[in-house]
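Report on the following structure.
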Amino acid sequence: MRLVQFVQVLLLLALAAYLLLVALENPARVRLPLPLGRGELVVPMGEAVALFMGLGAAYAALLLLPPLWAAGLRRRRAARERARLEGRLTAALQARLGTPPAPPTTGARPPLENA
């Protein structure tokens, strides 16, 4: 789990650095430097904002997926355990109801009857 958080922090830092580079550019047309210094991409500001919103959504998904995945696994495991326990209780109750009651011992009082 720590590895996923580390990758998420690195991705956040990379996005922040990239946004800083974009903020320093001309606001009418945005020059997006490509990774590893292999040129640049010139796009209108609207497309750049859409691109960064998409990257932000991908980052949010990376943040939300592991806890949601773990919660789903916990729910499924709890449902399986509950079904198993109910099966055992049902089997025990059926076995208990299927056997005749034990005869009372000689020193025991008879059960009270409702009048």
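Since the model is a prediction, treat every value here as computed from it, not as a measurement.
Two different hydrophobic clusters hold Tyr59 and Leu65 under the rule that ILVMFWY side chains link at heavy-atom gaps under 4.5 Å. Transitive grouping of hydrophobic side chains (ILVMFWY, heavy atoms separated by less than 4.5 Å) brings Leu34 and Val43 into a common cluster. Under the 4.5 Å side-chain heavy-atom criterion for Ile, Leu, Val, Met, Phe, Trp and Tyr, Val42 and Leu51 are members of distinct hydrophobic clusters. No continuous path of hydrophobic side-chain contacts links Leu73 to Leu64 [ILVMFWY only; heavy atoms under 4.5 Å].
No more than 12 heavy atoms of other residues, nucleotides or ligands shown are found within 6.0 angstrom of CZ on Arg38.
The distance from atom CD of Glu86 to atom CZ of Arg88, rounded to the nearest 0.5 Å, is 11.0 Å.
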